[in-house]
Student: 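One structure, as structure tokens, below. Some questions next.
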Amino acid sequence: MTTFAPTISAGRPEDYDDIGRFLGVLFHHAVDPESHETERAIFEPERALLVRDGSELVASAAAYSRDLGVPGGEMPAAHVTLVGVAPTHRRQGLLSAMMRRQLREIHDAGREPVAVLWASEGRIYPRFGYGLAAQRLMINGETTELRLPAPTPDEGRLRLDRPADRQADLATVYDRVRGDRPGWSARDERWWRYVLTDPESQRSGATELRVVLHEGPDGVDGYGLFRTKSEWNNAGPKGVTTVEEVVAATPAAYRSIWRMLLSIDLTRQVVVRRAAVDEPLLRMVNEPRMLVAQMSDALWVRVVDVPAALAARRYATDVDVVVEVDDELLPENTGRWRLRGGPDKAECTRTDDPADLACDVRCLGELFLGGVGLGALADAGRVRELRPGALAAADPAFGWHRAASALEVF
């Protein structure tokens with residue numbers, strides 16, 4: 001019997017076909033040629049890590065280079081993706097080896113203070129220091145009795161169109177709104193093609209992707225991407241509207257777009273997979289219970305460079321706190337760090353001063369986008385208060401006026 005001695009190698013452009021087939025097997029879906037080619041355009045082979053057994057691909061992990069919205073701005077973040085291990089090669093340490101090497105490479109490159117990912121299963125990534133930084137609401141609502149406030153004079157005009165024909169307008173609105181949304185990732189031309197790719201094989205019997213645009217006094221200031229599916233029973237129509245994303249720069253645009261999406265003829269149900277936990281829709285409809293919103297996880301963040309990461313975001317209130325951090329995988333992060341910051345600037349430096357709080361690096365990831373408070377983490381036994389009063393003093397600073405959210409899976 002031959003012993004398998006795994007070697008992790010860097011990817012090459014020609015590896016993408018193997019990766020696509022490999023992940024199709026792992027995630028139980030067929031490879032669609034249209035989406036496969038779109039995804040090839042965003043593939044960064046030099047950031048892929050591959051393990052082969054002979055010529056067979058048995059494990060992979062990769063990352064995309066994108067900016068991530070954080071409280072008060074944006075920063076480069078490694079968007080980790082294409083992670084998997086063949087069922088024939090599980091329990092051999094391949095995932096651990098790839099994730100450890102990837103973190104080391106991200107840290108040593110010095111460009112991206114954090115990494116971010118979507119987890120197929122939430123129990124996988126905390127052991128590598130990833131913390132749940134943003135949650136989402138999944139809405140599966142009945143629209144028959146849902147009502148929004150009556151239109152106001154400041155609401156503009158709605159237009160329906162094909163998303164690909166209005167990509168420039170969508171990008172303008174998205175970039176206008178994104179700066180105030182922790183968790184939203186930058187989209188260049190390649191990423192817009194990825195978001196708008198709409199192969200028939202992935203529609204589950206629904207229509208092609210459509211867009212409704214809101215035109216305000218200064219032009220397009222909001223859009224909604226959606227599709228519908230026809231269904232009937234003996235009582236009549238019960239079609240479904242699936243909303244992929246609603247991005248609006250003004251409350252008037254947001255109200256107007258949602259009013260249309262909730263009242264499309266012959267539909268009785270609305271499905272949203274990635275709504276924000278502070279989605280304004282919940283505060284606008286006459287019966288929020290009918291939205292049947294369920295909480296789930298969204299983005300997981302791994303702080304790779306503690307001082308660079310904590311200095312890159314802004315804080316809701318002034319803060320001056322010393323945090324003792326433990327990081328088993330990246331020992332450069334272990335130690336005491338003094339964070340001084342506020343709404344306009346921040347700095348984080350190593351210190352020998354006594355610590356006010358203590359936590360592991362996973363906790364810093366959970367805090368990073370403002371999606372959870374220090375108090376909640378302390379109650380969960382994840383943060384220790386070493387100086388009385390430090391927890392209450394620092395907690396407000398880590399929050400933000402917008403909840404962390406994510407519109408797309410990468």
Side-chain angles (χ1 to χ4, degrees), residues 65-79 106-107 109-116 129 131 133-134 175-186 249 278 299 301-325 327 330 332-378 383 385-387 389-406:
S65 305
R66 304 177 71 182
D67 285 348
L68 177 71
V70 301
E74 65 178 10
M75 63 185 294
H79 286 56
I106 294 169
H107 178 277
R111 297 188 303 270
E112 298 159 322
V114 302
V116 59
D175 288 342
R176 179 178 170 184
V177 174
R178 186 175 68 88
D180 199 32
R181 300 285 182 173
W184 290 21
S185 299
D278 61 349
L299 295 179
V301 166
R302 210 302 181 177
V303 173
V304 178
D305 183 330
V306 167
L310 295 185
R313 60 156 290 181
R314 299 296 172 256
Y315 298 86
T317 62
D318 290 340
V319 62
D320 185 348
V321 64
V322 175
V323 183
E324 185 171 333
V325 178
D327 188 343
L330 293 173
E332 296 93 330
N333 290 326
T334 296
R336 279 176 250 164
W337 301 94
R338 179 177 289 279
L339 170 65
R340 295 186 180 95
D344 300 319
K345 61 181 180 179
E347 63 177 6
C348 184
T349 55
R350 191 176 288 278
T351 182
D352 293 325
D353 293 344
D356 302 311
L357 304 170
C359 67
D360 62 12
V361 74
R362 176 186 166 195
C363 281
L364 294 186
E366 292 177 86
L367 288 166
F368 192 69
L369 297 179
V372 66
L374 273 169
L377 289 171
V383 174
E385 183 179 58
L386 304 180
R387 178 178 61 81
L391 194 70
D395 183 272
F398 284 89
W400 202 245
H401 64 280
R402 298 280 193 190
S405 62

Student: Quick check for you: to the nearest 0.5 Å, what is the distance between Glu332 atom CD and His107 atom NE2?
Tutor: 4.0 Å

Student: Do Val319 and Leu339 pass the side-chain contact (heavy atoms from CB on, under 4.5 Å) test, and can you show the C-alpha distance, the side-chain angles, and the key distance before you say yes or no?
Tutor: CA-CA 7 Å; Val319 62; Leu339 170 65; 4.3 Å; yes

Student: Look only at the side chain of Asp356 and the backbone of Val322, and say whether a donor-acceptor pair between them is shorter than 3.5 Å.
Tutor: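 Pair found, side chain donor or acceptor close to backbone of Val322.
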
Student: So which atom in Pro343 and which in Ala316 form the shortest heavy-atom distance, rounded to 0.1 Å?
Tutor: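 Heavy-atom minimum between the residues: CG-O, 3.8 Å.
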
Student: For Ala115 versus Ile106, what's the shortest heavy-atom pair and its separation?
Tutor: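 For Ala115 and Ile106, the tightest heavy-atom pair comes out as CB-CD1, 4.2 Å.
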
Student: If every non-hydrogen atom of Gly375 is compared with every non-hydrogen atom of Leu391, which pair is closest and at what distance?
Tutor: CA-CD2, 4.4 Å

Student: Which residue is it: Leu364, Asp327, Val116? I am looking for the one with a side chain to side chain contact (heavy atoms under 4.5 Å, CB included) to Arg302.
Tutor: Asp327

Student: Which heavy atom of Val303 sits nearest to which heavy atom of Val114, and what is that distance?
Tutor: CA-CG1, 4.1 Å

Student: Taking the side chain as everything from C-beta on, heavy atoms only, tell me whether Trp400 gets closer than 4.5 Å to Arg181.
Tutor: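 Side-chain contact under 4.5 Å: no.
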
Student: Hey, does Arg313 have a side-chain heavy atom less than 4.5 Å from the side chain of Pro71?
Tutor: yes

Student: Taking atom types as modelled and ignoring hydrogens, do the side chains of His401 and Asp180 form a donor-acceptor contact shorter than 3.5 angstrom?
Tutor: yes

Student: How long is the span from the CD atom in Glu112 to the OG atom in Ser65, to the nearest 0.5 Å?
Tutor: 5.0 Å

Student: Quick one: closest heavy-atom pair of Leu369 and Gly69, and the distance?
Tutor: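 Shortest heavy-atom separation between Leu369 and Gly69 comes out as CD2-O, 3.7 Å.
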
Student: Enter the distance from Glu324:CD to Thr334:OG1 here, rounded to the nearest 0.5 Å.
Tutor: 9.5 Å

Student: When you look at Cys359 and Leu377, which way does the side-chain contact (heavy atoms from CB on, under 4.5 Å) test go after all the steps?
Tutor: CA-CA 9 Å; Cys359 67; Leu377 289 171; over 6 Å; no

Student: Can you name the closest pair of heavy atoms from Ser185 and Leu68 and give their distance?
Tutor: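 Looks like OG-CD1, 3.8 Å.
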
Student: Mind checking the CG-CZ spacing from Leu310 to Phe368? Nearest 0.5 Å is all I need.
Tutor: 7.0 Å

Student: Are the side chains of Pro113 and Met75 in contact, using a 4.5 Å heavy-atom criterion?
Tutor: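 The answer is yes; the side chains approach within 4.5 Å.
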
Student: Got a second to check how far Leu374's CG is from Cys363's SG, nearest 0.5 Å?
Tutor: 8.5 Å

Student: Is any side-chain N of the basic residue among Asp344 and Arg314 closer than 4.0 Å to the acidic one's carboxylate O?
Tutor: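 No, no charged N to carboxylate O under 4.0 Å.
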
Student: Evaluate Leu357 against Val321 for side-chain contact (heavy atoms from CB on, under 4.5 Å), listing each step before the verdict.
Tutor: CA-CA 8 Å; Leu357 304 170; Val321 64; 4.0 Å; yes

Student: Under 4.0 Å between a Lys/Arg side-chain N and an Asp/Glu carboxylate O for Arg178 and Glu74?
Tutor: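 Here Arg178 pairs with Glu74 in a salt bridge, since their nearest N and O are under 4.0 Å apart.
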
Student: Check the side chains of Ser405 and Trp184 for a donor-acceptor pair under 3.5 angstrom, ignoring hydrogens and angles.
Tutor: yes

Student: Looking at OG1 of Thr349 and CZ of Arg336, how far apart are the two atoms once the value is rounded to the nearest 0.5 Å?
Tutor: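 Answer rounded to 0.5 Å: 13.0 Å.
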
Student: Let me see the working for Arg338 and Asp353 under salt bridge (Lys or Arg N to Asp or Glu O under 4.0 Å), right down to the final yes or no.
Tutor: CA-CA 8 Å; Arg338 179 177 289 279; Asp353 293 344; 2.7 Å; yes

Student: Could you go through Val361 and Leu330, starting from their C-alpha distance and side-chain angles, then the distance that decides it, and tell me whether this counts as side-chain contact (heavy atoms from CB on, under 4.5 Å)?
Tutor: CA-CA 9 Å; Val361 74; Leu330 293 173; over 6 Å; no

Student: Mark yes when over 12 heavy atoms from residues, nucleotides or ligands other than Asp352 sit less than 6.0 Å from its CG; otherwise mark no.
Tutor: no

Student: I'd like to know if the side chain of Asp320 and the backbone of Arg340 have a donor-acceptor N/O pair within less than 3.5 Å.
Tutor: no

